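Each remark here refers to the structure printed beneath this line.
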Amino acid sequence: MLQMHGKGLRNALLHISRPMTKQMRCCVTVAYCYAAPSGDRIPLPMSLSSRIAQLLKEQPLGRTVTIQGWIRTRRDSKGFSFLEVNDGSCVANLQVIAEESLPRYQEEILRLTTGCSVRISGRLAASPAKGQAVELQAAEVEVYGWADPETYPLQKKRHSFEFLREIAHLRPRTNSLGAVARVRSALSFAVHRFFQEQGFQYIHTPIITTSDCEGAGEMFTVTTLDLSNVPRKDGRPDFSEDFFGRQANLTVSGQLEAEIYCLALGNVYTFGPTFRAENSNTSRHLAEFWMVEPEMAFCDLAQDMQVAEAFIKYLVRYVQEHCPEEIELFSNFVDKRLKGRLAAVLEHDFARITYTEAIEQLKGCGKTFNFPVAWGTDLQSEHERYLCEEVFKRPLIVTDYPKSIKPFYMRVNDDNATVAAMDILVPGLGEIIGGSQREERYDKLLGRLEEMGLNPEDYNWYLDLRRYGTVPHAGFGLGFERLIQFVSGMANIREVIPFPRTPGSAAL
RNA sequence: UCCUGGGUAGCUCAGUCGGUAGAGCAGGUGACUGUUAAUCACCCUGUCGGGGGUUCGAAUCCCUCCCCGGGAGCCA
């Protein structure tokens, strides 16, 4: 299951184009090599052993294979032991039968515990017992590393996610966090595949930036100034002495920079980390998170919404097709209603409602909310949940918000009161996508900057895009971790990113 | 940051009216067994989040700080 592209593929090709060493030939012939029938996969030197995912899928009975991985559990029987090995390639373990006649059975195999790393060779056979179709009859067991059961934190029982969070360096060895990692990887690839199939260009927008995507929250400053002796001017830090000669920050969004390339290449997208220094302590906020931001030229809000809906459906379908075991695991242990919810996303069109209609509906529904409902104020979480989960019961797109509560770059509608904005809400999570048609009219944009008290000088380059060859364009931002939460059912966003960064917490 | 609920064995938790701490799992030993969250018996395990206070006596009551969950705000 080696799907390679980009740099990895290039390296592999470099490898192969050189004369094969004796060792490499040995690897390729010794290993049970699942060479792709399609011929587009290249055997790599490290395919010395089989991946368990592939063995369970192809079940090459009678063949001698080698696996490498970590012991999940050992059960002893009369004259032999059952070892369950997981190598991270899939949810399932491979059951190994280790007879007592094996060398070092007493001294080593009977000492194997959860977490030990091993290399095992043997013959793959049909399993006589229930619970698994195939098993490995070990001929050779080599222990790479022990895991003292007195101190190894992971046990062969379920742990709380809160506990696992404290051992970020070990938690990917669990079923659920390993599954999340594979789903995250699959979805990352699917994001690129969706856009590449549609002819979008992938743009690397800067992580260190000097522009502020207004309205996207507090920023982290990037500095090499001596913090114990900050140079000051008029009482404030003098960033002219800093590394970049001016204040620089970690990006909160790649959108503004993406617009530059959108207005040159047509359809583009960014996919990278973003940083927000907000003191947000919730199950769906991170200080460092990944965002997907397509930006499309010659595109209005209606088309923007069509792309966003197609995108979400594509990703849901992709994960259903490519990670069925992971989805099964999440359905059984994380969220019982997950599979039904994902199926429902594909079955129905997303619901659509304008902000003004939403306000009317909320006012007339007879329900009392903690926060008052009034045109001109932002929809509160409870309002969004009510509309999405109780009224429509499916993903909901809310459009045309009052311009007073939205950033300067959103296109003002003809009513001069609302902007061409849209938020996509999903049940259980809330906002997963926020997007808009951008203001492409120079005068209107300038007016909006001034109206909001921003200095047009700071946005000169952004205004240039409207001065010269402006075109209607639109885009949106998708919170990648929220997407993973949505397709996995994981309740807390800290579980869907390998190393979560939140206020007061940045382990590793 | 605000509201709210928590912090007790390696993990998940119970702990009555304030009287000096317990269960399941994990771990150890043994038995049994094509087992699969194996089973059975026995054994081991504690700074009761930190600090301070009230009291003859505090896991328990009070103050304070730290950390975690849920909800809210901000947003993706």
Side-chain angles (χ1 to χ4, degrees), chain A residues 72-85 92-99 110-111 113-115 125-132 135 137 147-167 174-175 213 215-218 252-255 273-293 308 333 369-371 377-385 405-407 423-426 429-435 476-486 491-497 502-505:
Chain A
R72 279 296 172 78
T73 176
R74 189 196 86 230
R75 294 179 293 272
D76 301 321
S77 192
K78 192 164 185 72
F80 64 99
S81 295
F82 297 98
L83 307 175
E84 288 216 25
V85 180
N93 306 322
L94 181 62
Q95 175 165 288
V96 175
I97 308 298
E99 300 279 351
L110 283 183
R111 275 180 56 218
T113 52
T114 306
S127 177
K130 285 181 179 170
Q132 60 285 312
E135 61 190 22
Q137 291 173 334
D148 181 1
E150 296 281 358
T151 56
Y152 186 60
L154 293 174
Q155 304 170 357
K156 61 180 176 187
K157 61 164 198 162
R158 292 180 68 182
H159 293 283
S160 68
F161 289 125
E162 290 82 1
F163 170 69
L164 293 174
R165 224 176 276 156
E166 295 167 12
I167 46 170
T174 63
N175 285 338
C213 191
E218 293 296 312
V252 292
S253 165
Q255 179 202 316
T274 49
F275 309 86
R276 306 229 172 135
E278 294 291 345
N279 190 10
S280 296
N281 293 286
T282 81
S283 57
R284 38 185 202 289
H285 285 89
L286 291 164
E288 175 181 298
F289 66 99
W290 286 61
M291 192 151 58
V292 181
E293 295 177 288
F333 297 109
F369 296 102
N370 293 323
F371 289 86
T377 63
D378 226 337
L379 293 178
Q380 299 297 311
S381 209
E382 57 175 346
H383 305 146
E384 293 179 345
R385 291 185 85 104
I405 58 172
K406 289 293 182 184
D423 282 358
I424 301 187
L425 314 175
V426 293
L429 253 186
E431 185 177 351
I432 196 169
I433 277 180
F476 60 84
L478 169 118
F480 190 59
E481 283 75 19
R482 289 190 184 172
L483 170 77
I484 301 169
Q485 280 188 276
F486 184 62
N492 197 307
I493 201 166
R494 295 170 175 95
E495 265 70 73
V496 298
I497 189 167
T502 53
S505 173

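For clarity, every value in this text was computed on a predicted model and none was experimentally measured. Residue numbering restarts at 1 for every chain, and letters A, B, ... go by the order of the sequence lines. The basis for the numbers below is simple: all heavy atoms, side chains too, and nothing from hydrogens, waters or symmetry mates.
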Practice task
Ignoring hydrogens and angles, answer whether the base of B:G28 and the side-chain atoms of A:Glu150 contain a donor-acceptor pair closer than 3.5 Å.
Solution key: no
Practice task
Look at the side chain of A:Gln132 against the base of B:U35 and say whether a donor-acceptor pair falls under 3.5 Å; ignore hydrogens and angles.
Solution key: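 Answer is yes: a donor-acceptor pair is held.
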If you measure from the [atom1] atom in [N] to the same atom in [M], how many Å do you get, rounded?
N     : M     : atom1 : result
B:G52 : B:C43 : C1'   : 39 Å
B:G6  : B:C13 : C1'   : 12 Å
B:A58 : B:C2  : C1'   : 31 Å
B:U16 : B:C3  : P     : 28 Å
B:C67 : B:A31 : C1'   : 44 Å
B:G71 : B:U35 : P     : 43 Å
B:A59 : B:C66 : P     : 24 Å
B:G27 : B:C65 : C1'   : 35 Å

Using the 3.5 Å cut-off, write out each protein N or O paired with an N or O of nucleotides 70-73 of chain B and the distance between them.
residue	atom	partner	partner atom	Å
B:G70	OP2	A:Asn492	ND2	3.4
B:A72	N6	A:Asn281	O	3.2
B:G73	OP1	A:Gln380	OE1	2.8
B:G73	OP1	A:Ser381	N	3.0
B:G73	N2	A:Asn279	O	3.0

Atom-to-atom span, [atom1] of [X] to [atom2] of [N] - whole angstrom:
X        : N     : atom1 : atom2 : value
A:Phe80  : B:G34 : CZ    : P     : 6 Å
A:Glu218 : B:U1  : CD    : P     : 14 Å
A:Leu164 : B:G69 : CG    : C1'   : 15 Å
A:Gln485 : B:C75 : CD    : P     : 18 Å
A:Glu84  : B:G34 : CD    : P     : 17 Å
A:Glu278 : B:C74 : CD    : P     : 10 Å
A:Phe486 : B:A76 : CZ    : P     : 18 Å
A:Leu94  : B:U35 : CG    : P     : 18 Å

Handout entry: 5′-ward residue of the pair A:Thr73/A:Phe163 relative to RNA chain B
Key = A:Phe163
Handout entry: Pairwise 5' ranking along RNA chain B for A:Gly79 and A:Ala287, keeping only the more 5' one
Key =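 The 5'-side residue here is A:Gly79.
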What is the base-pairing partner of [N], counting Watson-Crick and G-U wobble geometry with both distances under 3.5 Å?
N     : value
B:A37 : none
B:G5  : B:C68
B:C11 : B:G24
B:G73 : none
B:U55 : none

Side chains of [X] and [Y] in contact at under 4.5 Å (non-hydrogen atoms):
X        : Y        : answer
A:His159 : A:Glu166 : no
A:Arg482 : A:His285 : yes
A:Asn492 : A:Phe161 : no
A:Leu110 : A:Ser81  : yes
A:Thr274 : A:Val252 : no

Handout entry: A:Ala129, nearest nucleotide to its side chain (from B:U12, B:G34, B:A38)
Key =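 So the side chain of A:Ala129 is nearest to B:G34.
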Problem - Selection from B:G34, B:A76, B:U33 that lies nearest to any side-chain heavy atom of A:Met291 - result: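 In terms of side-chain proximity for A:Met291, the closest of B:G34, B:A76, B:U33 is B:A76.
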Assign [X] to base, sugar-phosphate, or nothing according to its heavy-atom contacts below 4.0 angstrom with the strands shown.
X        : value
A:Asp423 : nothing
A:Leu286 : base
A:Pro153 : nothing
A:Glu135 : base

Exercise for the section: Would you say whether A:Phe289 stacks on B:A76? The test is a distance between ring centres of less than 5.5 Å and an angle between planes of less than 30°. Expected result: yes
Exercise for the section: Could you tell me whether the phosphate oxygens of B:A38, OP1 or OP2, come under 4.0 Å of any side-chain nitrogen or oxygen in A:Lys156? Expected result: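 Indeed, a polar side-chain atom of A:Lys156 lies that close.
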Exercise for the section: Look at the side-chain N and O atoms of A:Arg482 and state whether any lies under 4.0 Å from the OP1 or OP2 oxygen of B:A76. Expected result: no
Between [X] and [Y], which heavy-atom pair has the shortest distance, and what is it?
X        : Y        : result
A:Glu218 : A:Glu278 : N-OE2, 2.8 Å
A:Glu288 : A:Phe275 : OE1-CE2, 3.2 Å
A:Glu293 : A:Ser253 : OE2-OG, 2.8 Å

Problem - Check: A:His383 ring centroid to A:Phe371 ring centroid under 6.0 Å - result: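 No: the rings miss the under 6.0 Å criterion.
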Practice task
Please confirm whether the backbone N or O of A:Ile493 pairs with a side-chain atom of A:Ser283, one donor and one acceptor, at under 3.5 Å?
Solution key: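 No, the answer is negative, given that no donor and acceptor are paired below the 3.5 Å cut-off.
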